[in-house]
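Read through the structure below, which is laid out as structure tokens, and then see the notes.
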Amino acid sequence: MTVASVVVVGGGVAGVSTVAELRKAGYAGELVLVSADAVPYDRPPLSKEYLAGGRDLESIALQPSQWYAEQEISLVGGAVAVAIRPDTGEVELDDGRLLAADKIVLATGGRAARPAVGAPSHVLRDVTDADRLRTSLVPGARLLIVGAGLIGAEVASTARGLGAEVVLVDPLDPPLAAAVGVEAARWLHGLHADHGVEAVTATVETLLETPTGVAAQLSGEPDSREFDAVLLAVGLVPETGLADAAGLETSRGVLVDAGQVASHPSVLAVGDCARLRDHHRAEHWEAAQLDGVRAAATILGTEPPPAAAPWWWSDRYGLHVEGVGEMRSPDAMHQNVVRGVLGEPPFSVFTLHGERVVGAVAVDDPNAVRAARRMIDRQVDVRASDLADTTQNLRKLL
């Protein structure tokens with residue numbers, strides 16, 4: 001079947017990647033991108049440079065506004081899809097318009113998890129959230145951040161840079177151990193105290209609005225604490241409403257196959273809203289971007305790029321952190337190898353299974369992660385002593 005028209009619903013990195021890859025690969029049919037924002041923008045800066053006021057919306061656009069016309073992509077900005085009809089190939093917008101599509105790509109992303117807490121609180125998922133949060137980040141403001149994952153840690157760093165007093169609460173000790181390994185996680189979490197953030201291992205039992213702010217009761221503490229603002233950074237909920245209403249299979253995301261095809265052959269799903277069957281969802285930037293590449297290949301009937309080890313990055317307190325693959329705690333099958341001195345950037349930590357690298361994390365050492373990714377993808381045998389030797393050029397081990 002010739003695909004004459006494609007409608008992509010969602011203007012995040014996954015959606016923009018899909019339309020960009022289709023045009024790059026020579027797709028000449030009608031291509032429509034529906035975006036709730038006037039111009040799609042990048043989300044990682046929302047917790048960092050944009051939140052700090054160092055970048056504006058135009059500077060974080062995923063593509064310049066004129067790019068869409070140049071690529072003959074119809075950008076329907078400021079619009080929301082309210083229904084998809086896979087059998088008839090229709091996408092209905094909130095203003096009543098109907099868009100025709102041979103293929104529909106859902107790139108609807110997710111919404112910030114917002115537990116019922118009983119008091120006003122912030123989340124951080126879009127520019128409106130960031131703009132609202134920024135008004136609370138003034139010198140001396142008391143900010144409670146619930147959740148010390150990547151977003152919570154990045155906002156803590158930004159808020160301290162703006163002069164706010166920050167308390168960061170998470171029940172895990174240390175947070176991010178599953179992503180970076182216990183040793184690196186403990187050091188990274190310790191950076192908060194080094195920069196004046198109070199990191200507390202606890203849960204938030206209650207949040208109550210008061211005449212002057214929010215009273216938070218933390219587990220294990222006899223008295224509540226008073227804050228001017230609260231940020232909930234406790235995860236993401238995939239946005240599956242359109243898929244659910246259309247009768248597609250969903251379970252913690254829109255279920256897709258290896259080509260990003262959902263349970264209806266006319267629908268694909270990419271990015272944070274999608275979940276490969278029998279796998280966990282990947283919520284990192286590059287994972288969403290690569291979903292778009294695979295979806296484009298499926299629509300065009302071409303071979304997708306080979307799978308690569310998952311990669312992510314984060315920034316806090318002027319340090320750049322990257323990870324690839326799967327970090328594991330040392331056991332009978334795995335060992336961790338430190339390159340450099342842990343806690344003295346630049347350094348990196350590798351997880352080895354036998355003589356195969358399966359994961360790595362690095363602070364201010366992107367070359368180490370780049371080499372580790374190639375080692376994982378190519379299944380190269382390496383010696384722990386060579387990884388640990390800082391005089392050894394890692395590229396020569398490939």
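We count residues from 1, following the sequence as given. No hydrogens, no waters, no symmetry mates; every other heavy atom, side chains included, goes into these values. Here the structure is a predicted model, which means the values were calculated and not measured.
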Test salt bridge (charged side-chain N to carboxylate O under 4.0 Å, His left out) on Arg373 and Glu286; report intermediate values, then the result. CA-CA 13 Å; Arg373 191 178 203 183; Glu286 190 193 55; 2.5 Å; yes
Going through the distances and angles, do Asp131 and Thr128 end up as a side chain to side chain donor-acceptor pair (under 3.5 Å)? CA-CA 5 Å; Asp131 291 341; Thr128 301; 5.6 Å; no
Yes or no on side chain to side chain donor-acceptor pair (under 3.5 Å) for Glu30 and Ser74, after CA distance, side-chain angles and deciding distance? CA-CA 8 Å; Glu30 183 180 1; Ser74 297; 5.4 Å; no
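A donor-acceptor pair under 3.5 Å links the side-chain atoms of Thr108 to the main chain of Glu239, judged by distance alone. Between the Thr250 side chain and the Thr240 main chain, no donor and acceptor come within less than 3.5 Å of each other.
Two residues are said to be in side-chain contact when any heavy atoms from C-beta on lie closer than 4.5 Å; Glu49 and Ile60 fail this criterion. You'll find the side chain of Val34 stays beyond 4.5 Å of the side chain of Arg97, heavy atoms only. A heavy-atom distance below 4.5 Å is not found between the side chains of Leu208 and Val214. Within the 4.5 Å cutoff, the side chain of Trp311 has heavy atoms near those of the Glu322 side chain. Side-chain contact between Ser263 and Arg277 is present, with heavy atoms from C-beta onward closer than 4.5 Å.
Shown here for Leu75 and Ala38, the closest heavy-atom pair between the two residues is CD2-O, 3.5 Å. Among all heavy-atom pairs drawn from Leu33 and Gly10, the shortest one is CD1-O, 3.3 Å. The minimum heavy-atom distance between Val16 and Gly11, with the atom names listed, is CG2-O, 3.9 Å. The shortest heavy-atom contact between Arg275 and Gly253 is CB-CA, 4.4 Å. Counting all heavy atoms, side chain and backbone alike, Leu51 lies closest to Leu162 at O-CD1, 4.1 Å. In this structure, Asp272 and Arg281 approach most closely via the heavy-atom pair O-NH1, 3.1 Å.
Under a cutoff of 6.0 Å and an axis angle of 45°, Arg134 and Tyr50 form a cation-pi pair.
Applying side chain to side chain contact (heavy atoms under 4.5 Å, CB included) to Val197 and the options Val167, Val166, Leu191 leaves one that passes, Val166. Checked options Leu176, Asp170, Val180, Leu168; the residue passing with His189 is Leu168 (criterion: side chain to side chain contact (heavy atoms under 4.5 Å, CB included)).
Salt bridge Asp126/Arg43: absent, no basic N to carboxylate O contact under 4.0 Å.
Relative ring orientation between His284 and Trp312 is described as parallel, the plane-to-plane angle staying below 30° on a 0-90° scale split at 30° and 60°.
Not a single side-chain contact (heavy atoms from CB on, under 4.5 Å) links Ala258 to another residue, sequence neighbours left out.
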